[in-house]
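Remarks on the structure that follows.
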Amino acid sequence: MPENKRTASGALGGILGLVGLSAVAGLLVTAAVTPAIAVSGAAASSAISIFDKMPSYLQPDELMQPTTLMAGDRVLAKFYDQNRSPVTFEQVAPVMYDAVLSSEDPRYYQHGGVDLIGTTRALLNNAASGETQGGSSISQQYVKNVLVQRCERDAKAVEPTDADPIGQTRDEVLQNCASAAVQAEGAEGYQRKLQEMRYAIQLEKEYSKDQILLGYLNIANFGGVTYGIDAAAKRYFDVSASQLNIGQAAVLAGMVQNPNRFRVDKPEGSIVWDDGTTYNKQPDGSIDDVEQSTIQALYTLRDNGEITQEQLLAAADGYSETKGRQLYVLSRMEADGKITHEQYVQFAVEPITPKVSETQQGCGSSGAPYFCQYVVSTILNDPAFGAETDDRVRALRQDGLTIQTTLDWRMQDAAQNTMNENTPESIDGMRFGSTAVSLEAKSGRVLAIAQNTKFTQDRDLADSDPSYSSIVFAGDSTNGGSIGFPVGSTFKLFTLVDWLEKGHSLNETLNGRLRPVPNMTNSCSGNWVNQENTTINNFARNQGYVGTPMMFTRDSLNTGYLAMAAELDLCDIAKVVKKLGVTKGTGDEIKMENANEVIGSDNVSPLAMAGAFATVANGGTRCQPKVIDKVTTADGEERPIPERTCEAVLTPEIAATTAYALQGVMQRGGTGVDANPDDGTPVMGKTGTHEGFQTWMIESSTNATTAVWVGNSDGDKDLFGEYAKGNQLSSMRYVLARDIQSAANEFYGGDRFPDPVSNLLRTQQRDLPNVVGQSIDSARSTLTGAGFRVTVGDPVDSASGADTVAAQSPNGGSAPAGSTITINPGNGQSGTVPNVDGQTVNAARAALAGAGYGNVSIGSCQADANAPAEGQVVSTSPAGGADANKSTTVALSVVAKACP
């Protein structure tokens with residue numbers, strides 16, 4: 001274990017470091033850098049002056065640490081410039097301290113921040129060679145790492161300019177930080193070395209030796225993006241820093257001299273061993289003295305009989321250069337008495353056997369990559385994580401935050417599983433895409449985002465292979481990189497809400513028949529006038545009907561909703577869109593400037609649409625969608641999260657009545673019935689289709705909302721008639737939404753929706769014209785014009801024919817607006833029975849036959865001697881003057897001299 005107290009020689013070392021070294025090092029450095037000064041008598045005083053004017057105080061910054069995204073108690077993803085897990089002094093194996101001190105700074109506990117002996121030797125050697133490496137104490141190396149980290153923390157990409165047309169990426173700037181710390185030459189290099197000394201001396205006045213040593217081990221680079229001893233131990237040997245053995249500690253201590261040269265996650269050794277008799281040089285023909293002497297040590301052990309030839313070959317196999325560094329560290333530990341000779345031999349002969357633990361970062365390694373990417377976009381765009389872009393990048397990659405997200409793995413797994421089972425990653429000949437997003441209606445928490453494609457950050461791969469994408473289809477251009485998709489009839493929600501807010505009833509009657517689109521008012525940006533007499537069709541060429549908003553919603557009838565919009569103000573509908581939190585996917589406001597927008601021609605993100613429907617399900621209170629529940633710093637302190645609010649934007653009455661209409665969509669006869677889980681939880685919803693290119697299904701319980709989009713991520717291939725995985729592309733939305741909402745109902749439940757307001761369900765009474773006697777076409781026109789639906793019933797007995805209304809039901813007065821009136825054509829068979837009373841039977845038969853009544857019978861006969869011989873009619877049944885079908889048999893009551 002390293003000593004914890006400074007000695008008298010340590011104090012003396014500090015004085016020498018500040019005074020003696022200023023002169024000695026000043027003379028040496030000045031001689032090498034500025035010969036003109038060296039020959040003058042001012043050499044020493046000039047060097048001292050330069051040293052004294054340098055800043056003396058360096059406050060170590062907080063260590064860069066990975067930011068971790070959490071979902072529940074599971075890690076969603078990590079992001080870092082430096083992968084690090086800081087530890088306390090007691091959490092590092094003592095042998096690790098021994099290894100690094102023996103190899104890097106054996107006089108650490110004796111000097112005052114600068115090892116004068118080592119530094120002087122290094123300066124003399126450097127002056128002769130022109131290089132400035134070596135001789136640094138642990139304190140100086142700690143200073144250097146602090147300065148490198150500070151440079152990296154402040155690193156910003158350099159935009160191209162006229163003077164520098166290429167610029168630099170942020171990664172290039174980061175590399176330059178490290179290079180500048182170790183590769184400066186000449187006067188600049190000496191000045192850097194002197195500044196390190198100055199800082200190191202002052203550092204030891206502020207902190208204990210143990211604190212500085214631990215700080216160094218926590219900040220040092222161990223290859224690539226692995227920083228700090230604990231992360232290195234876990235990365236290369238899959239143990240914590242406290243569990244390192246002698247051999248492992250020696251490997252890691254050897255790495256700090258040149259971390260990327262001696263990495264053991266890259267097994268290609270740079271010194272090639274042959275048969276064990278000799279060893280070859282590096283490709284450039286060089287072998288540095290340390291490697292040469294320490295590798296030779298293995299041969300010495302063999303020649304002394306302490307190890308075998310096979311052990312020698314095995315010890316260096318694959319990691320020969322790193323093995324050399326390890327042997328050097330082990331030899332220094334033995335020389336310092338930190339390990340025995342037996343331990344030295346044991347670990348010298350033991351092959352380096354890393355157990356590399358892969359450290360993945362980014363959303364590509366996440367179990368929910370598109371949700372993860374949406375969170376990343378939120379971090380990089382929200383002021384809660386910093387006022388400037390660079391601040392937010394640091395928050396994501398350096399600040400060591402723990403960000404608790406809203407992801408529910410149960411919902412995510414359910415959504416992604418059904419996505420994988422029912423949708424392909426790509427389809428030949430089109431840019432096929434699909435996404436599903438789920439919200440908790442009462443809080444706006446995003447529970448899941450699933451997508452059909454494989455996630456990648458490689459734009460070239462995504463462009464060349466449609467099964468890959470970096471875009472979050474559920475998001476928008478700010479968060480996720482998507483501009484949304486035309487939402488089709490799901491957008492009718494906003495016209496429905498405005499209709500109800502204006503006091504209209506769900507049971508009012510409108511002409512929803514196919515016809516030129518009515519002109520529409522927009523008091524904000526100018527009216528829309530159908531100058532070209534344009535007609536907008538319904539799905540499947542439905543001709544439409546006179547009906548009510550309740551019916552139009554259930555059937556998703558375009559012409560019905562256009563009729564509704566014609567009685568409203570498009571500007572007011574746009575205000576509903578805005579207060580429900582919906583914009584175009586680009587972030588632009590939707591202004592409702594034409595009729596097509598009523599039925600969903602604008603691009604909107606699935607997440608925004610889910611939020612709008614969740615507002616209705618939540619009784620009119622809109623909770624802005626959010627993906628972050630909590631953020632804590634590396635010290636465990638909470639910091640502000642992106643601001644998301646809940647606000648009542650609809651009255652409970654409007655929300656309840658809107659939900660009532662939308663429930664009809666999910667019931668028998670409604671367009672969304674195939675997406676209903678039918679699990680006992682009430683749901684509302686709305687379907688949407690845009691030109692056959694995009695399809696939507698949005699549904700919700702009172703507690704959770706699911707929005708599904710299936711369509712062309714780019715392009716306009718018709719989804720109808722195309723199949724994949726056993727599903728018609730246009731019908732995939734139903735399967736996805738049903739499965740995901742079923743999971744939502746299981747995990748979040750749902751209550752009965754509140755009852756609608758009776759005033760908004762009122763039935764309007766209208767005068768009912770009597771159309772009996774009119775032609776069928778004329779009668780239909782008259783009744784529909786009056787606000788009624790018409791059905792033609794079976795023919796009834798009438799003198800009129802099939803083209804004329806012989807009867808209607810109801811037959812006059814008034815009736816509920818929109819109710820169905822039945823009209824019946826005549827059959828041409830009705831007439832009036834002639835009055836033949838008093839006529840002879842033969843005359844009566846002739847008269848009846850002449851009137852069309854050919855079926856005549858003798859109903860009764862009474863004998864009377866005074867009656868005519870052929871008989872005389874007393875009465876008929878039906879009686880004369882009565883209306884009767886001409887097929888009716890007329891029965892005669894007669895008197896005759898003799899009855900047959």
Side-chain angles (χ1 to χ4, degrees), residues 370 373-374 415-416 418-437 449-456 459-477 480-492 536-537 539-540 556 558 582-586 588 590 596-597 599-610 671 675 686-698 706-737 740:
Y370 291 100
Q373 187 64 14
Y374 189 90
Q416 194 60 57
T418 189
M419 186 71 69
N420 295 342
E421 291 170 6
N422 294 291
T423 65
E425 293 173 342
S426 63
I427 295 177
D428 291 343
M430 70 177 294
R431 280 277 179 177
F432 175 77
S434 178
T435 191
V437 58
I449 296 177
Q451 191 162 312
N452 70 304
T453 53
K454 292 175 285 190
F455 180 78
T456 181
R459 292 297 180 90
D460 291 336
L461 176 60
D463 290 341
S464 61
D465 186 343
S467 65
Y468 287 87
S469 180
S470 60
I471 296 172
V472 183
F473 293 152
D476 54 25
S477 59
S482 172
I483 61 170
F485 308 97
V487 292
S489 291
T490 60
F491 202 78
K492 291 172 182 172
I536 296 178
N537 291 316
F539 180 72
S556 196
N558 290 343
V582 172
T583 64
K584 294 180 181 179
T586 57
D588 296 324
I590 295 176
N596 281 313
E597 290 183 280
I599 56 173
S601 61
D602 288 308
N603 284 23
V604 181
S605 75
L607 186 55
M609 290 303 296
T671 57
K686 188 70 192 73
T687 55
T689 303
H690 177 74
E691 301 292 348
F693 311 146
Q694 315 290 353
T695 61
W696 293 70
M697 183 70 235
I698 306 177
T706 298
V708 170
W709 163 80
V710 179
N712 292 264
S713 62
D714 185 27
D716 55 5
K717 185 170 182 178
D718 195 344
L719 304 179
F720 290 83
E722 297 288 336
Y723 288 81
K725 291 197 172 185
N727 296 311
Q728 189 175 26
L729 302 189
S730 59
S731 298
M732 285 180 177
R733 52 181 163 162
Y734 302 123
V735 180
L736 299 176
I740 297 168

Separation of D602 CG from I483 CD1 (nearest 0.5 Å): 11.5 Å
Backbone of G585 reached by a side-chain donor or acceptor of S477 within 3.5 Å: yes
Distance-only side-chain donor-acceptor flag, S556 / S489, under 3.5 Å: yes
Test item: D716 side-chain N/O and F693 main-chain N/O as donor-acceptor pair under 3.5 Å: no
Whether W696 side chain and P486 backbone form a donor-acceptor pair below 3.5 Å: yes
Spacing of F473 atom CZ and D476 atom CG [to the nearest 0.5 Å]: 14.5 Å
Residue pair Y374 / L607, side-chain heavy-atom distance below 4.5 Å: yes
Backbone N/O of V710 and side chain of T695: donor-acceptor pair under 3.5 Å: yes
Polar side-chain atom of S713 near backbone of R431 as donor-acceptor pair, under 3.5 Å: yes
Donor-acceptor side-chain pairing of N727 and S731 below 3.5 angstrom: no
Donor-acceptor under 3.5 Å (N422 side chain, T418 main chain): yes
Taking every non-hydrogen atom, the tightest pair across A474 and T435: CB-OG1, 3.7 Å
Non-hydrogen atoms of S601 and H690 that approach each other most closely: CA-CE1, 4.2 Å
Identified side chain to side chain contact (heavy atoms under 4.5 Å, CB included) partner of T423 from the options Q451, M732, K725: M732
N/O donor-acceptor pair under 3.5 Å between R733 side chain and G688 backbone: yes
Least distance between heavy atoms, I449 atom then V472 atom: CG2-CG1, 4.4 Å
T490 side chain vs T687 backbone, donor-acceptor pair below 3.5 Å: no
Close side-chain approach of V604 to I590, heavy-atom, < 4.5 Å: yes
Nearest heavy atoms of Q373 and F455, plus distance in Å: OE1-CZ, 3.5 Å
Distance, nearest 0.5 Å, that separates CZ of R459 from CD1 of I471: 6.5 Å
Pair Y370-S469, side-chain donor/acceptor within less than 3.5 Å: no
Exam field: side chain N452 to backbone S434, donor-acceptor pair closer than 3.5 Å: yes
Exercise: identify the closest heavy-atom pair between M430 and L719: CE-CD2, 3.9 Å
Reported CD1-to-CG distance for the pair I427 and L729, which is rounded to 0.5 angstrom: 4.5 Å
Reported NZ-to-CZ distance for the pair K686 and F491, which is rounded to 0.5 angstrom: 13.0 Å
I698 side chain reached by V487 side chain, heavy atoms, under 4.5 Å: no
Distance, nearest 0.5 Å, that separates NZ of K492 from CG of N558: 4.0 Å
Shortest non-hydrogen contact from A436 toward V708: CB-CG2, 3.9 Å
